[in-house]
S.K.: 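Here it is: the structure, laid out below.
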Number of protein chains: 2
Amino acid sequence: MTNPTEPGPTVPTGSPQGIEAQSTNRAPRARPTIKDVAALAGVSLGTASRVLTNHPATSATAREKVRAAALSLGYQVNLRARSLRTSRTNAIGLIVPDIRNPFFAGLAQSIQSEGLDDGITVFIASSQEDPDQQDQHLRTLLKEQVDGLIVVPLGGMTPMLEQLRDQQIPFVTVDRTLDELKAPSVDADPLPGVYAAVEALRNLGHRRIVYVGSLLDSSTGRERLLAFDNAGDALLPGGDARMVIAAPLDDDGWLRELDSFLDDGATAAIFGHSRHALRAFGHLRDAGRVIGDRGVSLVSFDDLDVFSLLTPAITAITQHPEQLASRAMAMLSAMIGGDRPGSVRIETSLIPRESLAAPPAG
Amino acid sequence: MTNPTEPGPTVPTGSPQGIEAQSTNRAPRARPTIKDVAALAGVSLGTASRVLTNHPATSATAREKVRAAALSLGYQVNLRARSLRTSRTNAIGLIVPDIRNPFFAGLAQSIQSEGLDDGITVFIASSQEDPDQQDQHLRTLLKEQVDGLIVVPLGGMTPMLEQLRDQQIPFVTVDRTLDELKAPSVDADPLPGVYAAVEALRNLGHRRIVYVGSLLDSSTGRERLLAFDNAGDALLPGGDARMVIAAPLDDDGWLRELDSFLDDGATAAIFGHSRHALRAFGHLRDAGRVIGDRGVSLVSFDDLDVFSLLTPAITAITQHPEQLASRAMAMLSAMIGGDRPGSVRIETSLIPRESLAAPPAG
DNA sequence: AGCACGTTTGGAAACGTTTCCACAAGGGGG
DNA sequence: CCCCCTTGTGGAAACGTTTCCAAACGTGCT
């Protein structure tokens, strides 16, 4: 009856390759599965699973045995198998235009660590300001079955964005919004920060202020300029009190405009993009102009680390990226839970630093 | 024979819930599976799979029908199911100490887009310089069954790093290396860049140079200082030609040391950390010192965007993050393929800018 | 003593793939 | 004409989970 050439039933075949794997350390010892845990604990597969997922219907002894087995094996659940079964991944995707932009890096950091607290894995993707890369990342994330998406959309609509809109996958936009996709968004209201800046400048004695705008075709670019206009209307009613420069990102021509406005009596500048603020900072100092006290005041959107490292430190209008992050996460969670939350705006605010000071006497 | 109460074979049961899903648009229409594709194409599941994975054993007609069906359904493969079956994910994890550090942001960007080209998904995780977060991210990535890992390790060993070392999962370290984990690494050799900097300074007439070092307990911090010593030995043999400051990241006390060295006749400073270079830039200008031509020359490790925006633009020693990225990817791919590649060093090089100039006359 | 009930358990199905296996169809060479 | 080989196909198993279902096992009540 017992055939000596085939292994008898008394030999547990739980880890058949255990011995040979030991002989050569090239072969990666296969990761233990829940089946191994169950076998070692002497319980069924279902019981092991229930213990490890904290299902209430488990006995104390089963819990103890399974936990011990899992620990001694170094068992780690296979998330891909789990989510195949549960059709939930507890993962979301985040797509930013460029992770090298410090604002987006901060946003990503905040969102990811927010997720870490909530047990949600955040897959960060950076599209390098390229719609094709954005779509490619979107497609992969969908194939990865993420539960939802947080997107900082590039300028225009793309095939994948349309698909997102039409499909029912939960997603929110953050920072920038795109009217065409009817998704809830969380973005920053530039007015409070701009208003505070203009008001502070006026109270310090400034009478003529330049606004350097950029990306004027994006929602944020437009709204920041609009906010400057509104604040100016309310606080500096004089007709020639406000000057506006439209500055591209890759051409320094606008610096000449800025110089001539300053020569004409402007004593302060507000920048819609931190990049321009830094560029002007260097340029103005180089030209021998005083920045800060008794000189030209500078205020910039977005609060970069380097702003407080410079001398004088540059005043910022912050969009509170941590708040954007946490609201976006909350909204996305709500959507994944089945709700349809409304859009949200975060107030910007002013962070006064040395570059915000009195104009030259007289 | 034909029973009218059960659906005849002519009625395709491919998407049974199609109609009811249409009635209420709250219910997210379930994503089509390969089964739906096969049904619509009128072939078996296996055939559909073979077509979609470009298996050679498929007929032209099958390919045509399956492709058409997949297209019309908008079918996208479920990567989690696929990798459960194939035990490959075509995804790797990347862990950086802090994504807000522009150097790491650039590294991450390069690695991710490198992966995009190779069909590899790169999951980026930032540990905020916190070993616990690093380990937490490592654990999740392992549970996600990534094929491999690229790690910029924090200072010391941690439980998960030990597990990585002992387990057979392919991983490489980049930028920083940690002797304890015997993993192949790709990092930058600071000497060529530092040597070029010191040589250029000497040729311009500088005779006394300060080195501002940081993170001296990390491999990079140590090696950069060592490189400065070596370059100085070769190029500036005078005993008092070189001064060294150990600067912490969060305390500005070192600025006083810098001032006093400059007062003592030093005319140039090399910074091991870009943060310190920026801090000094602001401080020195504020103190009324000339930077650049006929003033104090500044050279900093890592090439930040803002360096070229400032005036004068700051000279950098670049570690060529794109090269680090592509070598790391290549090495990891090799490891995943079963090889055991050796470590690699990338030469740093000098990017001269305006802050590298002649010292004051006399 | 019997019965209903609550707790815990094992077994099996299912998630969406890929891939092995066996077989059918067709074609060419003996 | 038969056999063999190639090519393409369908069916089924398997990957590692969770969860449904039914059964086993006490326990407390009548």
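By convention in this document, chain letters (A, B, ...) are assigned in the order of the sequence lines, proteins followed by strands, and residues within each chain are numbered from 1.
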S.K.: Just grab all the salt bridge (charged side-chain N to carboxylate O under 4.0 Å, His left out) pairs involving residues 108-126 of chain A, residues at least two apart or on different chains.
M.R.: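 Sorted pair list comes back empty.
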S.K.: When you measure from the side chain of B:A81, which nucleotide among C:dT8, C:dT19, C:dG16 comes out closest?
M.R.: C:dG16
S.K.: Nearest-Å distance, CZ (B:R82) to P (D:dT17)?
M.R.: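 Answer to the nearest Å: 21 Å.
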S.K.: Regarding B:R50, tell me which of base, sugar-phosphate or nothing describes its non-hydrogen contacts under 4.0 Å with the strands shown.
M.R.: base
S.K.: I want to confirm an ordering. Mapping A:G46 and B:A60 to their closest nucleotides on DNA chain D, which one lands closer to the 5' end?
M.R.: B:A60
S.K.: How many whole angstroms separate atom CG of A:L84 from atom C1' of D:dC15?
M.R.: 9 Å
S.K.: For a quick test of reading the model: is some side-chain N or O of B:S87 closer than 4.0 Å to OP1 or OP2 of D:dC15?
M.R.: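 No.
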S.K.: How many Å lie between NZ on A:K143 and P on C:dT17, as a whole number?
M.R.: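 After rounding, the gap between these two atoms is 11 Å.
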S.K.: Does one side chain, of B:T58 or B:R50, offer a donor that lies under 3.5 Å from an acceptor on the other?
M.R.: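 B:R50 and B:T58 do not have a side-chain donor-acceptor pair below 3.5 Å.
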S.K.: Please give, in whole Å, the distance from C:dT17 P to B:Q145 CD?
M.R.: 18 Å
S.K.: Have a look at B:S83 and say if it touches a base, only the backbone sugar-phosphate, or nothing, with a 4.0 Å heavy-atom cut-off.
M.R.: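 The answer is nothing, as B:S83 stays clear of every strand by at least 4.0 Å.
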S.K.: Measure from the side chain of B:V77, starting at C-beta and using heavy atoms only, and say which of C:dT18, C:dT9, D:dC15 lies closest.
M.R.: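 The answer is C:dT18, which lies nearest to the side chain.
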S.K.: Taking only side-chain nitrogens and oxygens of B:R85, does any of them come within less than 4.0 Å of OP1 or OP2 of D:dA14?
M.R.: no
S.K.: I'd like to know if A:E180 pairs up with A:R165 as an ion pair, taking the criterion as any Lys NZ or Arg NE/NH1/NH2 lying under 4.0 Å from an Asp or Glu carboxylate oxygen.
M.R.: no
S.K.: Specify the separation, in whole Å, of atom CD1 of B:I34 and atom C1' of D:dG11.
M.R.: 15 Å
S.K.: Separation of A:L79 atom CG from D:dT17 atom P, in whole Å?
M.R.: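 It works out to 9 Å between those atoms.
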S.K.: Using whole Å, what does the distance between atom C1' of nucleotide D:dA12 and atom CG of B:L45 come to?
M.R.: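 Distance check: B:L45 CG to D:dA12 C1' gives 10 Å.
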S.K.: Do any side-chain nitrogens or oxygens of B:S44 fall under 4.0 Å of OP1 or OP2 in D:dG11?
M.R.: no
S.K.: Tell me what A:S49 touches on the nucleic acid: a base, only sugar-phosphate, or nothing, going by heavy atoms under 4.0 Å.
M.R.: base
S.K.: Tell me whether the side-chain N/O atoms of B:T58 come closer than 4.0 Å to OP1 or OP2 in D:dT7.
M.R.: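 It does not, given that no N or O in the side chain of B:T58 lies less than 4.0 Å from OP1 or OP2 of D:dT7.
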S.K.: What I want to check is whether the side chains of A:T47 and A:S44 have a donor and an acceptor closer together than 3.5 Å.
M.R.: yes
S.K.: Measure the distance from CG on A:N78 to C1' on D:dC15 and round it to the nearest whole Å.
M.R.: 9 Å
S.K.: Are A:I92 and A:I120 close enough that some pair of their side-chain heavy atoms sits under 4.5 Å apart?
M.R.: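 A:I92 reaches A:I120 side chain to side chain.
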